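These figures come from a predicted structure and were not determined experimentally.
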Amino acid sequence: TREACQINELVRRAVELIRPRAPRVQFIEQLDDSIPTIVTGVSEIERALFNLLLNAVDAVESVQHSPTIHIQTARENSAIAVRIKDNGCGIRREDLPHIFEPFFTTKTVGKGTGLGLYISYNAIRDLGGRLEIENDPGAGARAAIVLPINHE
């Protein structure tokens, strides 16, 4: 189901859901208020945001000083981007090609199913967007959801 939504509001709600699980983590939001309302799959976006933020929280839990997650929204030509960056341990180079495969996880037994990124990747793709994840060498990982403004 597609409906009109404001991406910044979805980001704020996702952060508020995650915040109680991560009392030590500092969330820094840089949300572009000029982003237009778009028509998209709201529940799919919310689920993807929640999965990405939960992964970022897991990544920074071992950071001793100032575990931080940056969330930024921006208009990029005919698209809207939500960028999430953490200062955690990053993703091992050999794991990076597999992160969107079903049941692939780097988490300990009982902590992850290996379905979060797989489901999020496919949902964002089905909305005409893309989900990108990359290492920020020595400084954690970066994720981006990029959605078209005018999706048919």
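- To the nearest 0.5 Å, atom CD1 of residue I133 and atom CD1 of residue I91 are 5.5 Å apart.
- Note: I84 CD1 to R142 CZ = 13.5 Å, rounded to the nearest 0.5 Å.
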For residues 10-29, which side-chain N or O atoms pair as donor and acceptor with protein atoms under 3.5 Å away, sequence neighbours left out?
residue	atom	partner	partner atom	Å
R13	NE	E46	OE2	3.3
R13	NH2	E46	OE2	2.5
E16	OE2	R19	NE	3.3
E16	OE2	R19	NH2	3.2
R24	NH1	E61	O	3.4
R24	NH2	V63	O	2.6
R24	NH2	Q64	O	3.4

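- Side-chain N or O atoms of E44 include none that pairs as donor or acceptor with a backbone N or O of N122 at under 3.5 Å.
- The two residues V42 and C5 have their closest heavy-atom pair at CG2-CB, 3.6 Å.
- Neither V146 nor I38 shares a network with the other; the hydrophobic side chains, linked directly or stepwise wherever heavy atoms of I, L, V, M, F, W or Y lie under 4.5 Å apart, form separate groups for each.
- For the pair L127 and R2, the minimum side-chain heavy-atom distance is below 4.5 Å.
- Among all heavy-atom pairs drawn from S120 and A48, the shortest one is OG-CA, 3.4 Å.
- Shown here for I71 and L31, the closest heavy-atom pair between the two residues is O-CD2, 4.2 Å.
- With a 4.5 Å cut-off on side-chain heavy atoms, I124 and I45 count as touching.
- With rounding to the nearest 0.5 angstrom, the CD1 atom of I149 is 8.0 Å from the CD1 atom of I35.
- In this structure, CG in L53 is found 11.0 Å from CG in D58, a value given to the nearest 0.5 Å.
- Considering every non-hydrogen atom in both G128 and P148, the closest pair reads O-CD, 3.4 Å.
- For D86 (side chain) and V60 (main-chain N/O), no donor-acceptor pair under 3.5 Å exists by modelled atom type.
- In this structure, CZ in R130 is found 12.0 Å from CD1 in I145, a value given to the nearest 0.5 Å.
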Side-chain donor-acceptor distances from residues 73-80 under 3.5 Å, at least two apart:
residue	atom	partner	partner atom	Å
T73	OG1	N8	OD1	2.7
T73	OG1	D32	N	2.9
R75	NE	N77	O	3.3
E76	OE1	R83	NH2	3.0
E76	OE2	R83	NE	3.2
E76	OE2	R83	NH2	3.0

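- With sequence neighbours excluded, the residues forming a ring pair (Phe, Tyr, Trp, His ring centres under 6.0 Å) with Y121 are F100, listed by chain and number.
- With N135 contributing its side chain and G90 its backbone, the two residues share no donor-acceptor pair below 3.5 Å.
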